[in-house]
Amino acid sequence: MTTPSFLPGLELSRRFYVEAVRPLLDEVVPGMAHSAALLGSGSEVLGCDSARSADHEWGPRLQLFLHPQDGTRHGTAIKKLLSARLPKTFHGHPTHFADTAEAGIKVMQAADGPVHHRVDITDPATWFTAQLGFDPGRHITALGWLATPTQRLAEVTAGAVFHDGLGQLTSARAHLAWYPHDLWLHLLACQWQRVSREEAFVGRCGEVGDELGSAVVAARLVRDLMRLCLLMDRRYPPYSKWLGSAFSRVPQAAVLTPVLTAALAATDWHTREHHLAHAYETVATAHNRLGLTDPVDPTTRPYHSRPFQVLHAERFTAALTARITDPAVRALPLTGTVDQFIDSTDLLSHPARTRAVTRAAASIPEP
């Protein structure tokens, strides 16, 4: 939780641009088109920072975007100008960032001479390509979407644009705001498929006396349900540190949080399975409310002839896949994005499918 005196980093950086950086630019290169923003990595970009965040890579910082030719012509001079004339502190925070023993990690530190500031000067195409592996100002391929971690997509679509004189940041972020519709259906189908592959394992592990293994599977399923809810709400799931914070903002969180917490706290597989069944039915009902498919029965049922209560989540996978109209997307294997692929039980237990996915990915043309 933030304290009353804490100024969130995104607001600090906005003020830093308006009050300190922009006046110097107007003085030295008046009228030069530029954009300014705080995007990319950092807890403040996702709105998750607190006073604790100030211990590294946090402070008055931003990206300054120039046309490539202006960057070549003026970039070095602007960097030196800011180093010499930026205030040593801004709203009580040093503008000098010092190196630490950990490579690439900098911290705010008082300085007497020129400051090593964190106004990173670049151009939009270079910056986005470094973050994502492609330039969203061009056509975004299916491979581009699938190969990009959702954390990276969250980072470049969150944060804030303080000024867009180039007129490129706003359009690029609009292109990245969410997956194309058919690809969204595909990723939802893949996420339900992940649930389907493991939902019976909570009981199966417990049945052979492996309560620890059952708990590990349950934790994986809780994570997958949280990520599924974020995808359903058209939000890019962040990585583990901020997954719970992001999940708390989705419509299902108020009902699901105590249920998922109870599943994680359970010490026997029967109790674990009971709470997960409740969670499955809640998420399945939310799926039906979206209207993306024909209604699917949201009730749980036995796992074939075995005494485990499951949703048979593959039914939702089939319903979503049936609504995909693009044949290229419909032909994709049910492994989804790199986040969904990387620890898929289906792939781990079927090496031939791993090879098929690799071949399929290699066949998707680049721009």
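Note that the structure is a prediction, hence the values are computed from the model and not measured.
- Although no hydrogens or angles enter the test, the distance criterion places a donor-acceptor pair under 3.5 Å between the side chain of Gln340 and the main chain of Thr337.
- Annotation: His186 is not in aromatic contact with Tyr179 [ring centroid separation under 6.0 Å not met].
- Pairing each heavy atom of Leu66 with each of Ala33, the nearest pair is CD2-O, 4.2 Å.
- A donor-acceptor pair under 3.5 Å is absent between the side-chain atoms of Asp120 and the main chain of Gln63, judged by distance alone.
- Within the 4.5 Å cutoff, the side chain of Ser83 has heavy atoms near those of the His117 side chain.
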**Message:** Test side-chain contact (heavy atoms from CB on, under 4.5 Å) on His56 and Lys106; report intermediate values, then the result.
**Reply:** CA-CA 6 Å; His56 76 289; Lys106 297 180 182 295; over 6 Å; no

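- Between the side chain of Gln191 and the main chain of Asp224, a donor-acceptor pair closer than 3.5 Å is present.
- Salt bridge annotation for Glu314-Arg197: absent, with no cationic side-chain nitrogen under 4.0 angstrom from a carboxylate oxygen.
- Using a 4.5 Å cut-off on side-chain heavy atoms (C-beta onward), Pro237 and Leu231 make contact.
- Once rounded to the nearest 0.5 Å, the distance linking CG of Asp99 with CD of Gln109 reads 9.5 Å.
- Using a 4.5 Å cut-off on side-chain heavy atoms (C-beta onward), Thr95 and Phe16 make contact.
- Taking the six-membered ring where the residue is Trp, His163 and His34 present tilted rings, their angle falling between 30° and 60°.
- Between the side chain of Gln151 and the backbone N or O of Tyr239, at least one donor-acceptor pair lies under 3.5 Å.
- Side-chain contact between His181 and Leu292 is present, with at least one heavy-atom pair separated by less than 4.5 Å.
- Geometric assessment of Arg22 against the ring of Tyr17 yields a negative cation-pi assignment under the 6.0 Å and 45° thresholds.
- Side chain of Ser214 to main chain of Asp210: no donor-acceptor pair is present (N/O by atom type, distance under 3.5 Å, no hydrogens or angles).
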**Request:** Assess whether side-chain contact (heavy atoms from CB on, under 4.5 Å) is satisfied between Met32 and Ile78, documenting all intermediate values.
**Result:** CA-CA 12 Å; Met32 186 183 70; Ile78 292 172; 3.7 Å; yes

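- With no hydrogens or angles considered, a side-chain donor-acceptor pair links Asp164 and Thr170 at under 3.5 Å.
- What you find for Thr299 and Leu311 is that their closest heavy atoms are O-CD1, 3.8 Å.
- In this structure, CG in Leu25 is found 7.5 Å from CG in Leu81, a value given to the nearest 0.5 Å.
- Using a distance-only test at 3.5 Å, with no hydrogens or angles considered, no donor-acceptor pair links the side chain of Glu44 to the main chain of Pro8.
- Taking NE2 of His274 as the reference point, atom NE2 of His270 lies at 13.0 Å (rounded to 0.5 Å).
- Ring centers of His312 and His304: under 6.0 Å apart, within the cut-off.
- Side-chain contact between Phe247 and Leu260: present, with at least one pair of heavy atoms (C-beta onward) separated by less than 4.5 Å.
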**Request:** Could you check Val156 against Phe128 for side-chain contact (heavy atoms from CB on, under 4.5 Å), going step by step and ending with a plain yes or no?
**Result:** CA-CA 8 Å; Val156 300; Phe128 279 110; 4.1 Å; yes

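- Taking 4.0 Å as the cut-off between side-chain N and carboxylate O, Asp135 and Arg138 do not count as a salt-bridged pair.
- Judged by distance alone, the side chain of Arg272 and the main-chain N or O of Ala266 form a donor-acceptor pair under 3.5 Å.
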**Item:** Worked verdict on Asp182 versus Arg323 for salt bridge (Lys or Arg N to Asp or Glu O under 4.0 Å)
**Value:** CA-CA 8 Å; Asp182 274 359; Arg323 288 296 184 94; over 6 Å; no

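- If you check the side chains of Arg330 and Thr321, you find no donor sitting under 3.5 Å from an acceptor.
- When all heavy atoms are compared, the tightest approach of Thr148 to Asp339 is O-OD1, 4.0 Å.
- A salt bridge is absent between Arg306 and Glu207: the closest approach of a Lys/Arg side-chain nitrogen to an acidic carboxylate oxygen does not fall below 4.0 angstrom.
- Ion pairing between a basic and an acidic side chain is recognised when a charged N comes within 4.0 Å of a carboxylate O; Arg204 and Glu273 show no such pairing.
- Taking the side chain as every heavy atom from C-beta outward, Ile121 and Phe65 never approach each other to under 4.5 Å.
- The closest donor-acceptor contact from the side chain of Asp123 to the backbone of His67 lies at 3.5 Å or more, if one exists at all.
- Side-chain atoms of Arg118 never come within 3.5 Å of backbone atoms of Pro60 as a donor-acceptor pair (strictly under, hydrogens ignored).
- Ring pair Phe316/Trp192 is parallel by interplanar angle, where below 30° counts as parallel and above 60° as perpendicular.
- Residues Asp49 and Leu10 are not in side-chain contact: their nearest non-hydrogen atoms beyond the backbone lie 4.5 Å or more apart.
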Please list every donor-acceptor pair under 3.5 Å in which a side-chain atom of residues 276-288 meets a protein atom from a residue at least two apart or in another chain.
unit_1: Glu281; atom_1: OE2; unit_2: Thr300; atom_2: N; d: 2.9
unit_1: Glu281; atom_1: OE2; unit_2: Thr300; atom_2: OG1; d: 3.1
unit_1: Thr282; atom_1: OG1; unit_2: His278; atom_2: O; d: 3.0
unit_1: Thr285; atom_1: OG1; unit_2: Glu281; atom_2: O; d: 2.8
unit_1: His287; atom_1: NE2; unit_2: Thr293; atom_2: OG1; d: 3.0
unit_1: Asn288; atom_1: OD1; unit_2: Val296; atom_2: N; d: 3.0
unit_1: Asn288; atom_1: ND2; unit_2: Val296; atom_2: O; d: 2.8

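- Proximity of a side-chain donor or acceptor of Arg173 to a complementary backbone N or O of Ala158 within less than 3.5 Å is detected.
- Separation of the Phe6 and Trp58 ring centroids falls under the 6.0 Å cut-off.
- Looking at heavy atoms from C-beta onward, Phe308 lies in side-chain contact with Trp269 at the 4.5 angstrom threshold.
- Val217 and Cys205 make their closest contact through CG2-SG, 4.3 Å (heavy atoms, listed as atom of the first residue, atom of the second, distance).
- Contact check on Asp233 versus Arg249 returns no salt bridge, with no Lys/Arg side-chain nitrogen under 4.0 Å from an Asp/Glu carboxylate oxygen.
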